[in-house]
Amino acid sequence: MLVWTVCVALIACGVLFRHSSFLQDVQFVLAKIKVRRFVLKCMRTNYSILDRFLELVETQPHKPFVYFKDETFTYREADVLSNKVARAFLQAGCVKEGDTVALFLGNQPMFLWLWLGLVKIGCAGALLNSNIRSKSLLHCLNCSGATTLVAAEELLDAVKEVLPHLHEQQITVFILADRCEITGVESFIDKMNQASSEPIPKELRSHLTMQSPAAYIYTSGTTGLPKAALITHSRVWTMSLLLPSSGVNSKDVIYDTLPLYHSTGLLVFTGAIERGIPVVLRSKFSASQFWDDCRKYNVTVIQYIGEIMRYLCNTPQKLSDKNHKVRLAIGNGIRADVWRDFVRRFGEIQIREFYGATEGNFALLNYSSKMGALGRHTFLHKMCFPYAVIKYDIDKEEPLRDSSGFCMEVDKGEPGLLVTEITAKAPFIGYVRDLNQTEKKKLHNVFKEGDLYFNTGDLLRIDEDNFMYFHDRVGDTFRWKGENVATAEVADILALADCVKEANVYGVKVPGQEGRAGMAAVTLRDGLKFDSTAVFKHVEDFLPSYARPRFMRIQESLDITGTFKLIKTKVVEQGFNPNDITDPLYFLNEKEKNYTPLTPDVFDSVISGDIKI
Ligand SMILES: *[C@@H]1O[C@H](CO)[C@@H](O)[C@H](O)[C@H]1NC(C)=O
Ligand SMILES: *[C@@H]1O[C@H](CO)[C@@H](O)[C@H](O)[C@H]1NC(C)=O
Ligand SMILES: *[C@@H]1O[C@H](CO)[C@@H](O)[C@H](O)[C@H]1NC(C)=O
Ligand SMILES: *[C@@H]1O[C@H](CO)[C@@H](O)[C@H](O)[C@H]1NC(C)=O
Ligand SMILES: CC(=O)N[C@H]1CO[C@H](CO)[C@@H](O)[C@@H]1O
């Protein structure tokens, strides 16, 4: 209450002095407090996103809820289909309230009916990444504790591959088909079609509270095996409220091209329920179809990750570029130069950049007109939602501590690790069945004995005017010649070279050298060759010496995750040994002022130290 009073008083001051950025700061904190209050209210009354959905089915049954290809599903139809799903599960006798069912399918309306149906009977969905196979698949399944798996028909081969293991663990397996001839795999669609569409009585989810699991979402795992983050019903609310906080209203139509098995994709759908609006769902993001879809469905709000914006800006210009109704873009990871290009090219679209990890307990939203900024660092914000940006040791991969063992906040302009205090109001639930990983994300005794913070793993920078910028993921920064190299920044510069299409930048160990030497795996623009002299010149012009990639690897395509994040683990492991790698390799040759082929001889000289790098 005190905080509330203080805020109101501060707003009054802001109005008096017409200090607009100050006013925005206060408004932002107030909006966050409002979100928290709403969630607390939902917790007191057991009001879940499903309750909201059922209200909409009553009040606007004929309003479109999902557009997919040439199909439209209204709120009523979605209700009916999810009732059928729920009953099919119950009748099959393998699922009861409190269970977890693993969903293994890509973006399609059925994904939504399955999840809603599960919530209707008090169950949770483990949202498996549809690209994972064999060991990873088993690992993800295992950490969710699911006893039933439902898979898309097109993923049957992936299921067959692990079927003996599934049977060993007594997991019931359904495939989304009318029939199935394989022993130990049951069809689901026929069962669903036969099931009644009668509403599901509330008693079937009588134990559901805001602390109940709604979903398990796997962190994308650019390094190591994926981890399952528990998404409770209260967390679903917090995620969904991003849409109203960003200015989405009940007349909007939102476009969802990101995988529903990730929080960014899922929150658009739950957020749409919160707002009572239609979602245009796409099985996969397509840069060439993007604006056509927006026009076809009258999309007003789009969701992005940085890569999507970059792909859109890389498409050939068209006369119709500004012909659409999109007014708002919500997402994260857009870089300032892409932001500028995007707005110039596609018109006055407001961009609301937000920051928040799937499993995190903290969020930031750009609420000022500062390009590229994630949000603002203010006293008020910090007081209401305790967080800090602290000094971080890139080499040891841990925070720097002073002589008394406490962490130190960074100076303005210097990148540091974002940590957010874990409290009862801002809990960190952790990863399922993985106490070690959960423990790893916790930082103890940060500023005083006994305090506890969540380690976001993200490096942020705060500028003179207190705007906060994303700098890099921990692990995506390496050290070379005593300097920190942010891989994303180097990749962005490389992608500006004429022949380079995309770049994946990472550090590799070189015997006898401290830190890691920069290496880039790049793909080339269609029809272009690797112009080594031009790339060398470009790198020399735009990058400080320590940040220039020492080695260059030309690939046909780069490894990416389901959300277009570059996978570095494999290329890092493979290093720069031409005897092990078939892709063309180059080496930054200072003498010849060129990237010259990295032959086995050159490799040997680098290893022996005859060639200094
Ligand atoms: C699943 O987890 C259990 C322990 O939780 C472990 O004993 C078992 O080996 C795991 N199975 C797989 C396939 O990872
Ligand atoms: C919420 O659900 C829990 C568990 O079913 C129950 O104990 C509690 O009374 C419910 N609260 C309200 C306000 O309905
Ligand atoms: C889009 O808007 C136009 C004009 O307002 C309308 O004719 C059309 O039916 C709308 N399309 C959809 C899918 O709602
Ligand atoms: C957790 O970490 C400890 C020590 O680092 C290790 O001994 C233990 O096996 C780990 N447990 C799991 C489940 O990975
Ligand atoms: C909420 C808000 O004000 N968002 C701003 C984020 O930044 C863009 C780009 O400058 C602005 O247009 C938005 O208004």
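This structure is a prediction, so every number in the text was calculated from the model and none was measured. Each residue takes its place number in the sequence, starting with 1. Ligands are counted one by one from 1 in listed order, and the atoms in each one are counted from 1 as well.
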Quiz item: Going by atom types alone, do Asn129 and Tyr261 pair a side-chain donor with an acceptor below 3.5 Å?
Solution: yes
Using a strict threshold of under 4.0 Å (side-chain N to carboxylate O), is an ion pair present between [Y] and [X]?
X: Asp293; Y: Lys296; value: no
X: Arg76; Y: Asp79; value: no
X: Lys318; Y: Asp321; value: no
X: Arg327; Y: Asp252; value: yes

Quiz prompt | side chain to side chain donor-acceptor pair (under 3.5 Å) between Asp178 and Ser187, intermediate numbers included | solution = CA-CA 6 Å; Asp178 282 325; Ser187 55; over 6 Å; no
Element-labelled atoms of ligand 2 that are located less than 4.0 Å from some non-hydrogen atom of [X]:
X: Ser206; answer: 5 (O)
X: Thr209; answer: 2 (O), 3 (C), 4 (C)
X: Arg44; answer: 13 (C)

Quiz item: Would you find more than 12 non-hydrogen atoms of other residues, nucleotides or ligands less than 6.0 Å from Lys41 atom NZ?
Solution: no
Quiz item: Which ligand 3 atoms, with their elements, are less than 4.0 angstrom from a heavy-atom of Lys296?
Solution: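 What qualifies from ligand 3 is 11 (N), 13 (C).
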Quiz item: Of all the non-hydrogen atoms in the protein, which one sits nearest to atom 12 (C) of ligand 3, and at what distance?
Solution: Asn298 ND2, 3.4 Å
Self-check item: Nearest-contact summary for atom 3 (C) of ligand 2 - protein heavy atom, Å
Solution: Asn46 ND2, 3.5 Å
Quiz item: How about atom 5 (O) of ligand 2: does it have a protein heavy atom within less than 4.0 Å?
Solution: yes
Exercise. Determine, counting only non-hydrogen atoms of the protein, whether one lies under 4.0 angstrom from atom 9 (O) of ligand 3.
Key: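 Protein heavy atoms within 4.0 Å of atom 9 (O) of ligand 3 - there are none.
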Quiz item: Below 4.0 Å from any atom of ligand 3, is there a heavy atom belonging to Lys325?
Solution: yes
